[in-house]
2 protein chains.
Amino acid sequence: LLFRRHSRTGVGTSNSGGESSKESSRSSTPVLAADRTERLRDKMRRRTESGDHWFSLEFFPPRTASGAVNLVSRFDRMGSGGPLFIDITWHPAGDPGSDKETSSMMIASTAVNYCGLESILHLTCCNQTKEKITGYLSKAKHLGLKNIMALRGDPVGADWEEEEGGFNYATDLVKHIRCEFDDYFDICVAGYPTGHPEADSYDEDLRHLKEKVDAGADFIITQLFFRADTFLKFVRDCRAIGITCPILPGIFPIQGYQSLRQLVKLSKLEVPEEIMRVIEPIKDNDAAIRNYGIEQTVGMCRVLLESGNVPGLHFYTLNREVATMEVLRQLGLWIEDPRRPLPWAVSAHPKRKVEDVRPIFWASRPKSYIYRTQDWDDFPNGRWGNSSSPAFGELNDYYLFYLKSKSSKDALLKMWGEELTSEQSVYKVFTSYIKAQPNCAGHKVMCLPWNDEPLAPETNLMMDELDKVNRRGVLTINSQPTINGKPSDDPIVGWGPPGGYVFQKAYLEFFTSSENVTVLLKVLKKYEPRVNYHIVNVHGQNTTNAHDMQPNAVTWGIFPGREIVQPTVVDPVSFMYWKDEAFALWIEQWAKLYEDESPSRMIIKYIHDNYFLVNLVDNDFPLDNCLWQVIDDMFELLDNPPDEQPTEQPVEQPAEESPVEDQSPK
Amino acid sequence: LLFRRHSRTGVGTSNSGGESSKESSRSSTPVLAADRTERLRDKMRRRTESGDHWFSLEFFPPRTASGAVNLVSRFDRMGSGGPLFIDITWHPAGDPGSDKETSSMMIASTAVNYCGLESILHLTCCNQTKEKITGYLSKAKHLGLKNIMALRGDPVGADWEEEEGGFNYATDLVKHIRCEFDDYFDICVAGYPTGHPEADSYDEDLRHLKEKVDAGADFIITQLFFRADTFLKFVRDCRAIGITCPILPGIFPIQGYQSLRQLVKLSKLEVPEEIMRVIEPIKDNDAAIRNYGIEQTVGMCRVLLESGNVPGLHFYTLNREVATMEVLRQLGLWIEDPRRPLPWAVSAHPKRKVEDVRPIFWASRPKSYIYRTQDWDDFPNGRWGNSSSPAFGELNDYYLFYLKSKSSKDALLKMWGEELTSEQSVYKVFTSYIKAQPNCAGHKVMCLPWNDEPLAPETNLMMDELDKVNRRGVLTINSQPTINGKPSDDPIVGWGPPGGYVFQKAYLEFFTSSENVTVLLKVLKKYEPRVNYHIVNVHGQNTTNAHDMQPNAVTWGIFPGREIVQPTVVDPVSFMYWKDEAFALWIEQWAKLYEDESPSRMIIKYIHDNYFLVNLVDNDFPLDNCLWQVIDDMFELLDNPPDEQPTEQPVEQPAEESPVEDQSPK
């Protein structure tokens with residue numbers, strides 16, 4: 001059996017650093033190290049030196065809360081293609097430095113902390129006091145942001161004049177950042193391949209750019225342009241006056257007639273004749289325009305990359321994904337499953353750069369884990385055991401947009417049932433989810449409270465087992481298969497640097513009734529000490545055969561020239577915190593869909609109050625996974641209880657007294 | 001290939017805790033935990049409850065420095081049989097609390113720190129001030145001793161009288177220890193099965209014993225006796241007056257006529273008629289007396305153990321090993337290769353109880369490693385990497401008795417050559433050692449400066465390879481084979497608790513000439529990144545392909561319900577310290593055997609000054625060890641240098657340019 005844990009397809013397999021990397025440049029890279037500890041400008045230099053082209057993506061903050069949920073979900077999907085970084089624009093009119101879920105600051109913070117993406121926060125200084133700007137920068141630093149795009153911004157009103165000692169140009173902001181924060185931030189500035197519209201001349205604008213770089217900027221991203229030559233001439237002109245830092249072309253795939261017109265108006269750019277000639281006749285056909293935009297962009301990007309003067313491409317996505325992803329695919333820059341440094345998606349917060357172990361419980365809820373551990377001063381960079389008593393934050397904040405389900409209440413009711421009539425109707429929701437089939441009302445079940453994404457395709461391999469056990473009330477929420485030394489570059493289960501070997505102990509986690517647990521405990525006696533278990537109900541009544549509440553490593557890797565990495569553990573202490581969250585999800589996400597005192601709500605509440613959460617680990621990783629056999633044995637004993645059916649069972653050997661050898665799996 | 005590192009046969013395979021334990025009592029014991037963290041009284045309780053009989057051994061401090069070297073070597077040998085503890089008597093006349101190598105304090109400290117044996121230090125209080133006693137106890141605590149045998153001691157002179165407020169009885173000492181050191185020490189007191197010779201009566205002596213226990217003693221060891229009934233009656237009498245702690249019988253195997261007479265005189269015991277009747281006629285036949293002593297002791301011990309009132313046996317060894325070991329073997333209590341908690345022999349110092357990783361370099365010199373790290377405040381209980389810059393103590397103290405070779409200068413000269421004529425004569429010493437054969441002068445080479453014991457028997461399996469490479473000047477000093485998931489209870493390579501799997505990466509360490517190193521480096525290019533290497537000369541000139549000076553785990557184990565244990569690493573930082581020690585041994589132990597300026601001394605000095613120390617790790621543990629192939633390739637290239645012999649080699653494919661696939665091992 002080879003399958004994935006029930007993970008969010010996007011998050012679970014995404015590249016944590018958000019960065020793809022070729023085999024060649026990896027092989028001399030320290031494990032887990034460079035991608036996570038290098039600052040952006042160093043990553044750029046390394047990639048430039050190895051000739052390994054990259055791409056980056058620009059987004060703007062959403063207007064609504066549900067827009068924020070969708071954008072974060074887009075970050076996860078687009079992050080899986082391996083951007084070197086993303087950047088978030090600054091919307092002065094949108095309270096950009098606030099804690100609102102739609103603010104530039106919060107969106108950038110979420111991208112870094114919860115999506116693990118290297119991110120640049122834009123910042124405009126026009127009409128701002130130094131105190132205000134320093135406040136924004138301090139907040140950004142505190143949130144783990146490490147990169148700033150320093151911009152002047154558009155003056156409000158026509159009567160704008162330079163202020164003495166104020167922020168009049170982006171150069172002033174660059175100087176201010178370097179003055180107040182020394183070398184902490186990597187700073188990006190804007191370049192205008194055809195000159196800034198307000199500049200007196202192209203040459204004067206180039207001199208301004210040189211000033212920004214001399215003031216401390218690390219690299220340049222350009223305004224969009226429509227011809228490769230425009231950019232390549234601009235780079236030559238920059239080099240000629242002594243600008244040596246990286247210059248990234250801003251790529252704008254034309255995605256529609258209206259968006260093009262609006263952009264042209266704002267940026268005061270002219271669309272070349274040859275493009276307008278194609279577009280005008282098809283201006284009402286969105287699909288045709290997008291296809292043209294993709295084709296035109298791919299052609300231009302090819303010229304840029306082949307010039308040898310372009311280390312990476314920066315895309316203005318307009319918060320859309322189809323066109324940009326298609327361009328990247330055609331260019332061969334979109335790498336669907338870049339090598340993962342660890343089995344789980346790491347956060348990009350500098351404080352977490354040494355994090356290399358997590359409990360398996362949050363495998364499908366990594367954002368919740370990050371949220372609940374955000375106040376930790378220190379992350380275990382060695383053994384989990386070093387942090388003897390992990391202090392998890394409370395999870396009362398189900399409303400936080402990055403923790404919220406992407407489905408509406410209405411959609412959830414359709415998936416999980418407008419009306420529940422029994423515990424069995426709950427079992428059916430689980431089996432519909434597992435088989436990705438419509439429920440009896442005809443709606444596909446795409447998520448569960450513990451898994452906000454459909455099951456990963458690999459899970460198909462064990463669908464029959466999952467279907468069978470869920471049908472009988474073993475409600476599975478997490479699992480992983482046995483792996484005994486697969487190469488670290490295995491496309492499905494590999495992680496970490498090449499040349500290594502990865503291992504796993506089989507894991508299974510589920511809710512089930514107390515009747516089942518009673519029988520399960522009898523069965524588990526036969527599997528001592530092979531199977532470790534923790535069984536707990538909502539009140540914390542806990543049964544385990546684990547030694548001393550020590551963690552059990554369930555995923556580990558052996559790499560050339562390295563210490564052992566053990567990124568996933570079953571940690572008994574953390575399990576008590578996870579238990580609270582896992583049980584609370586029954587109520588918070590499911591029961592509350594229904595009226596108070598309604599039968600549906602009472603059924604979920606009954607399960608919450610009476611079921612147990614069980615986790616099982618098969619320690620014998622060189623053998624076949626025995627956990628399904630454990631569950632089968634439990635069903636067998638439930639079906640044929642030895643006491644009630646003495647005549648149907650040979651008295652001298654009732655099921656629960658069989659020697660281990662007889663019933664354990666081969 | 002299956003072989004051991006070149007380890008001291010005694011130390012390398014000895015049970016670190018000094019404790020044997022049956023499978024049954026281990027299976028519920030935490031890994032690495034109980035044996036190392038439990039205090040002696042808790043170990044006793046656990047063993048008593050599981051019915052797992054133990055033994056312990058009493059020694060007295062030696063009179064001479066060479067006696068100390070021999071006694072420590074005896075500790076290592078007798079420790080390998082698994083005593084629960086040893087105890088060291090207190091010799092008031094021998095400056096017992098001093099730093100002299102023959103003092104009671106130093107011998108006990110060496111047993112704990114360097115031999116990893118749970119130890120009890122005797123202490124007598126008669127005629128001592130409280131300050132003096134407190135000083136001894138503080139020193140003992142500082143040295144890592146945790147157990148005290150509290151004794152009155154023999155008053156000096158006949159005119160001894162009780163002092164007001166002084167130490168008149170062992171009870172006073174017990175009270176003093178508890179008062180000054182709270183519960184830190186486990187305290188043992190002496191019991192007299194036939195009553196103390198100075199006591200007014202047997203009953204009064206029992207009351208004194210009760211007082212000692214009530215004052216805080218944890219267990220009792222008795223004076224020797226000759227009949228099982230004597231002891232069993234004593235236990236019954238103790239229980240009758242409310243003494244509930246463990247009472248261990250002091251067993252004295254009769255080993256000779258003189259020693260028996262002397263002991264009887266000192267202890268004022270009477271030897272039973274039935275024993276004297278046997279012994280008198282054979283009093284001049286030592287062997288006969290010893291055989292009788294063994295037989296008599298085994299018989300008595302069987303009665304004791306079968307009584308159900310004896311959890312363990314305490315042996316008065318008289319610093320001899322044959323009789324006691326034979327008795328223990330006949331009783332089935334001597335367990336030659338008890339399960340090792342870790343692949344190396346751990347120290348019993350409380351500070352080191354969490355130590356679970358060491359560099360592989362000191363595998364054959366564990367006492368030197370312990371000495372050089374004795375001042376560490378904290379031992380890495382997780383990753384080696386946590387202790388980023390290990391500060392090793394200097395090793396200038398080659399004179400320390402526990403680091404000294406057991407062979408005399410004379411014996412060393414016979415083994416290593418009275419006169420060396422060339423580097424080749426040094427190579428021959430290495431091959432003679434490896435083949436355990438006499439050198440050309442007819443003397444067996446039993447040790448080398450880096451290995452003070454003959455090679456372990458398992459090394460026979462690779463003797464041909466070792467012989468071949470040493471003959472050509474690849475002077476091997478350490479190695480271990482590849483192991484890919486052997487059960488943790490494997491009799492040869494297993495360690496740790498049952499139910500686990502152990503792994504190793506192949507390791508080879510040797511000295512060789514700079515000419516060989518030049519060619520070796522060419523060969524190693526073909527083995528990137530499979531083989532990691534560090535190559536260094538005495539001046540510290542260092543060549544490596546290791547990433548970032550990070551440690552490489554070369555031994556690790558996976559156990560049920562546990563984190564990964566990785567007890568042995570190739571740590572680049574430590575290697576620079578080991579290099580100093582390994583090169584210094586050429587001079588300190590070998591060159592200095594010869595006259596200044598003598599040719600022999602110059603040859604060793606030449607090797608010291610010009611050779612390199614090389615270590616190689618084969619990272620691909622699931623494949624066959626490729627390190628011998630690396631050396632073979634080096635010899636091949638030395639024999640057929642491509643530049644000098646163009647006509648004998650096809651020009652289009654000189655050896656060093658061959659593709660990796662062609663010459664790497666299967």
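All values below come from the heavy atoms of this structure, side chains included, with hydrogens, waters and symmetry mates left out. Bear in mind that the values here come from a model prediction, so they are computed numbers and not experimental data. First the proteins, then the strands, lettered A, B, ... as listed; each starts at 1.
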Legend entry - Steps toward side-chain contact (heavy atoms from CB on, under 4.5 Å) verdict (B:K505, A:I558): CA-CA 10 Å; B:K505 293 179 180 175; A:I558 317 295; 3.8 Å; yes
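- Each salt bridge (Lys or Arg N to Asp or Glu O under 4.0 Å) pair with one or both residues in residues 612-623 of chain A, not counting sequence neighbours, appears once here: A:R530-A:D618.
- With a 4.5 Å cut-off on non-hydrogen atoms, A:N532 touches chain B through its side chain but not through its backbone.
- Shown here are the ring-ring contact (aromatic ring centres under 6.0 Å, His included) partners of A:F503, two or more places apart in sequence or in another chain: A:W556, A:F621, B:F503.
- Annotation for B:P529 and A:P560: closest pair O-CB, 4.0 Å, computed over non-hydrogen atoms.
- A donor-acceptor contact under 3.5 angstrom links the side chains of A:Q566 and B:E563, judged on distance only.
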